[in-house]
> 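Structure incoming, see below.
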Amino acid sequence: MRRTVLEKFPAGDPRGSWHAEEYARHRRDEGLPAEVVMDLESDAFLVVVPQQQSLDRPW
């Protein structure tokens with residue numbers, strides 16, 4: 001599954017994923033299926049949404 005990253009929060013923050021979870025909750029309140037995932041490579045919490053597939057097919 002492909003995802004679009006909406007925002008990135010450093011994992012070293014003293015509050016951990018709190019800022020990312022709050023941001024994701026606000027996006028869900030707006031109707032986006034936002035979720036928080038951990039990106040180990042960049043040591044950050046990412047707020048992501050599933051990438052929408054285009055309905056306009058070239059075939």
> Show every salt bridge (charged side-chain N to carboxylate O under 4.0 Å, His left out) that has at least one partner inside residues 25-34, sequence neighbours left out.
Arg25-Asp29, Arg27-Glu30

> Treat each ILVMFWY residue as a node, draw an edge where side-chain heavy atoms are under 4.5 Å apart, and state whether Val47 and Val5 are in one component.
no

> Name all pairs fulfilling the ring-ring contact (aromatic ring centres under 6.0 Å, His included) condition that reach into residues 2-27, sequence neighbours left out, sorted by first residue then second.
Phe9-Tyr23

> Given Arg3, which of Val37, Leu46, Val49 fulfils the side-chain contact (heavy atoms from CB on, under 4.5 Å) condition?
Val37

> Is there a chain of hydrophobic side chains (I, L, V, M, F, W, Y, each step under 4.5 Å between heavy atoms) that links Val36 to Leu40?
yes

> Shortest non-hydrogen contact from Phe45 to Pro10?
CD1-O, 4.4 Å

> Please, which pairs that meet side chain to side chain donor-acceptor pair (under 3.5 Å) have at least one residue in residues 38-48, sequence neighbours excluded?
Asp39-Ser42

> Of all the heavy-atom pairs spanning Ala24 and Ala34, show the shortest one and how long it is.
O-CB, 3.8 Å

